[in-house]
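Heads up: the structure comes next, in structure tokens.
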Amino acid sequence: MARSWEADPSALFQRRLGKSAKELDHSDGRDECPEIWQLDNGDIAVIGRDLTAAYRPRLPEGVSLAPDERLVVIPGIMLSSAKPDIADV
């Protein structure tokens, strides 16, 4: 059965949504920088901590993860800072 949506690995990063981890004081400037990006096809890429293993056994009823999906966590302030950059659909 075909999925109703599939990620396009050829899509390019277009623009950051919200502020960078450095601007939000959630980075030491090295390699732990969560991000939210809009891709050139309109999809959203989220870079965060992979907590799939920690959350899989306690997902809410009706929520599931496909074998190729990961649950990532980012600071709440990062999503809040992106609100002005997210268009209403």
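- Nearest heavy atoms, Ile47 versus Cys33: CG2-O, 4.0 Å.
- Here Ser20 contributes atom OG and Asp25 contributes atom CG; the two are 10.5 Å apart, rounded to the nearest 0.5 Å.
- A distance-only check finds no donor-acceptor pair linking the side chain of Asp40 to the backbone of Gln14 [under 3.5 Å].
- Considering every non-hydrogen atom in both Arg3 and Ala66, the closest pair reads NH2-CB, 3.4 Å.
- In this structure, CZ in Arg16 is found 8.0 Å from CE in Met78, a value given to the nearest 0.5 Å.
- Note that the CG atom of Leu17 and the CD atom of Glu35 stand 10.0 Å from one another [nearest 0.5 Å].
- Between Ile74 and Gly48, the shortest heavy-atom contact is CG2-CA, 3.9 Å.
- The line from CG of Leu39 to CD1 of Ile44 is 7.0 Å long, rounded to the nearest 0.5 Å.
- Under a cut-off of 6.0 angstrom, the local environment of CG in Asp68 is crowded, with over 12 non-hydrogen atoms contributed by other residues, nucleotides or ligands.
- A single hydrophobic cluster is not seen to contain both Val72 and Trp37; linkage of ILVMFWY side chains at heavy-atom distances under 4.5 Å, directly or through other members, places them apart.
- Here the rule is side-chain contact (heavy atoms from CB on, under 4.5 Å) with Leu71, and of Asp50, Leu59, Val63 only Leu59 fits it.
- Geometric assessment of Arg15 against the ring of Phe13 yields a negative cation-pi assignment under the 6.0 Å and 45° thresholds.
- Side-chain contact between Tyr55 and Val73 is present, with heavy atoms from C-beta onward closer than 4.5 Å.
- Note that the CG atom of Asp43 and the CD atom of Glu6 stand 10.5 Å from one another [nearest 0.5 Å].
- Between Leu24 and Pro75 the shortest side-chain heavy-atom distance does not fall below 4.5 Å.
- Taken from NZ in Lys19 to CG in Asp85, the straight-line distance is 10.0 Å, to the nearest 0.5 Å.
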